[in-house]
Amino acid sequence: GVSADAGLPTWKGLVERILAGLDQDMQAQIRSERLYASSFEKGAYKKCLARVERFIGRGALEQAVVKCLRLCPKIS
């Protein structure tokens, strides 16, 4: 979409970046969870974020999203 063309992550990219910022044990727990895995496979990335929230909490998820967006190239 337009935001991805402007340098922002796609939904899939956002999910992947958030998971990459977690420790490996937490990444493994989330990726092995059935609902997360099936949502990711179907491309239901908003549902994936909801599953991540269940593991790390809303505050930590919001911080991770902000961090990911700050790392994106500046939009002029």
Would you tabulate the side-chain donor-acceptor contacts of residues 35-47 under 3.5 Å, counting partners in other chains and residues two or more places apart, or write 'none'?
{"residue": "Ser38", "atom": "OG", "partner": "Arg34", "partner atom": "O", "Å": "3.2"}
{"residue": "Ser38", "atom": "OG", "partner": "Leu35", "partner atom": "O", "Å": "3.2"}
{"residue": "Ser39", "atom": "OG", "partner": "Leu35", "partner atom": "O", "Å": "2.8"}

Open item on the list: Quick check for you: to the nearest 0.5 Å, what is the distance between Leu14 atom CG and Ile18 atom CD1?
Closed with: 4.0 Å
Result block: side-chain N/O donor-acceptor pairs under 3.5 angstrom for residues 57-66, not counting sequence neighbours:
{"residue": "Arg58", "atom": "NE", "partner": "Glu62", "partner atom": "OE2", "Å": "3.0"}
{"residue": "Arg58", "atom": "NH1", "partner": "Glu53", "partner atom": "OE2", "Å": "3.3"}

Open item on the list: Checking Glu16 now: which residues fulfil side chain to side chain donor-acceptor pair (under 3.5 Å) with it, not counting sequence neighbours?
Closed with: none
- [ ] Tell me, please, which residues at least two apart from Asp25 pass side chain to side chain contact (heavy atoms under 4.5 Å, CB included).
- [x] Asp23
TODO: Mind checking side chain to side chain donor-acceptor pair (under 3.5 Å) for Arg31 and listing every partner two or more places apart, or none if nothing turns up?
DONE: Gln27
Open item on the list: Within this structure, what is the CG-CD1 distance for the pair Leu19 and Ile30, rounded to the nearest 0.5 Å?
Closed with: 5.0 Å
